[in-house]
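Below, each value reflects all heavy atoms present in this structure, side chains not excepted, and no hydrogens, waters or symmetry copies. One-based numbering, in listed order, for ligands and for the atoms of each.
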Amino acid sequence: METEKKQIALSLIQPSGTITLGNYLGAIRNWVKMQDEFDCVFALADLHTITVRQEPPKMRKNILDAYASILACGIDVEKTLFFIQSHVPTHAELAWILNCYTQFGELSRMTQFKDKSVKHSDNINAGLFTYPSLMAADILLYQADYVPVGADQMQHLELTRDIANRFNGLYPNVFKVPKAYIPKTGARVMSLQDPSKKMSKSDENANGCVHLLDPPEVIMKKFKRAVTDSGSCVRYEEGKDGINNLIDIYGAVTGLSREQIERDFDGKGYGDFKTAVGEAVVEALRPIKAEYERLIADKAYLEGCYKKADEIALRISTRTLNKAKKKIGFI
Ligand code: AMP
């Protein structure tokens with residue numbers, strides 16, 4: 001990180017599968033832009049992934065792939081801290097402490113807990129329930145000023161703020177109370193097969209989700225099969241979720257406005273447009289994929305990057321953890 005004091009922005013992403021086009025356009029691309037404006041703290045939230053059962057070899061691969069993919073997107077380890085959560089034990093320790101300052105009722109109201117309990121009804125473990133306390137620890141350990149959030153994560157950030165305020169009320173000046181950072185540009189990418197739902201790696205229909213590392217022909221196939229509405233004009237209209245999603249994806253990767261896109265495709269049909277969106281996405285992802293291939297072939301380099309970041313993260317977070325423990329009364 002640079003010596004000039006900037007505000008701290010913090011964000012974590014779960015390496016629970018491959019990185020999706022939604023993760024990239026909705027989150028990681030903004031992280032890349034934020035690196036100049038903020039002192040950024042980013043991490044792979046691998047401890048969070050085990051609230052759902054993982055297969056060990058697949059989990060190892062997912063973590064390293066996610067680390068390499070995110071670097072390939074443009075995270076610069078010279079100016080940004082990018083570490084692996086499970087390598088920094090202060091997270092789990094502060095999470096335990098914060099659990100004791102978080103109410104059962106608050107955790108019960110989390111919509112993500114309710115959703116995941118339905119989806120994984122055979123394994124509603126305590127970790128799934130107390131997940132927000134770990135998330136609060138992730139954020140509060142680094143005295144973050146800002147947390148970039150999508151609408152889906154607002155509730156968790158609100159709870160983090162409540163926990164921080166409660167803790168500071170009992171023991172003053174321990175945690176900075178973070179604010180939400182709403183990026184100026186941040187596409188919400190919907191499923192290509194069910195555009196009323198967000199694009200997600202857990203989409204039951206594999207064609208609904210584009211992965212950063214999908215080969216070009218797979219990306220083209222997914223866009224050509226994208227579900228669109230009745231009609232054929234490339235026009236952004238209320239209720240036409242399918243075409244609206246494709247227009248927004250095209251706009252996000254080309255930088256063109258909705259109006260410009262409508263003008264460019266005036267008189268052309270959905271088929272032409274789907275091909276154009278697919279090609280634009282393939283082109284946008286091409287350099288990322290190439291950089292990923294280069295990085296994943298150099299495991300020693302990747303290990304060097306995260307080990308250095310893990311150490312710095314431990315040093316910074318230990319300061320906050322020790323302060324909290326001292327105030328509580330631990331000797
Ligand atoms: P997740 O994959 O749910 O752990 O999300 C990691 C980050 O990517 C969060 O900041 C999400 O808001 C963002 N994200 C995930 N899916 C999408 C999507 N379909 N569109 C936009 N942002 C997304």
Side-chain angles (χ1 to χ4, degrees), residues 9-34 40-52 54 59 62-63 65-67 69-70 73 75 82 84-85 110-113 115-116 119-120 128 131-132 134-135 138-139 144 146-158 160 178 180-214 222-223 226-227 241-242 244-253 277 281 284-285 288:
L10 176 145
S11 194
L12 278 77
I13 189 166
Q14 277 203 46
S16 53
T18 57
I19 305 283
T20 69
L21 183 66
N23 294 140
Y24 176 60
L25 296 177
I28 300 164
R29 207 168 61 152
N30 285 316
W31 292 8
V32 174
K33 289 188 195 145
M34 289 168 75
C40 289
V41 179
F42 298 134
L44 292 183
D46 54 346
L47 289 175
H48 285 276
T49 64
I50 62 165
T51 54
V52 174
Q54 304 287 329
M59 177 161 159
N62 284 344
I63 295 171
D65 271 356
Y67 198 84
S69 303
I70 291 170
C73 289
I75 295 303
F82 179 38
I84 299 182
Q85 182 195 30
M110 290 287 125
T111 47
Q112 187 171 306
F113 172 68
D115 293 348
K116 285 204 171 174
K119 206 162 166 191
H120 304 282
L128 199 58
Y131 176 114
L134 177 57
M135 199 169 190
D138 297 334
I139 298 170
Y146 287 103
V147 180
V149 280
D152 53 340
Q153 287 175 336
M154 211 53 167
Q155 200 187 21
H156 282 137
L157 182 63
E158 280 306 322
T160 297
Y181 175 80
I182 314 286
K184 289 177 206 84
T185 52
R188 184 166 158 81
V189 182
M190 310 310 282
S191 162
L192 299 184
Q193 289 297 314
D194 178 357
S196 66
K197 289 199 201 127
K198 77 169 193 175
M199 181 181 283
S200 161
K201 42 202 155 204
S202 55
D203 200 324
E204 280 132 36
N205 187 333
N207 285 323
C209 181
V210 173
H211 303 272
L212 229 53
L213 304 177
D214 275 346
K222 287 179 180 174
F223 277 102
V227 168
D241 295 345
N244 293 352
N245 186 34
L246 292 180
I247 291 176
D248 281 345
I249 293 173
Y250 191 70
V253 293
V277 182
V281 169
L285 299 185
I288 296 174

Contact residues of ligand 1 (heavy atom under 4.0 Å), by chain and number: I13, Q14, G22, N23, G26, A27, D152, Q153, A187, R188, V189, K198, M199, K201
Plane angle bin for Y146 and Y181 - parallel if under 30°, tilted between 30 and 60°, otherwise perpendicular: perpendicular
Parallel, tilted or perpendicular: rings of W31 and F42 (30°, 60°): parallel
Test side-chain contact (heavy atoms from CB on, under 4.5 Å) applied to L213 - qualifying residues, sequence neighbours left out: S69, K289, Y292
Sidechain-backbone polar pair: Y24 side chain, I70 backbone, donor-acceptor under 3.5 Å: no
Closest heavy-atom pair and its distance - A9, M34: CB-CE, 3.5 Å
Minimal non-hydrogen separation, K222 against C209, with atom names: NZ-O, 2.8 Å
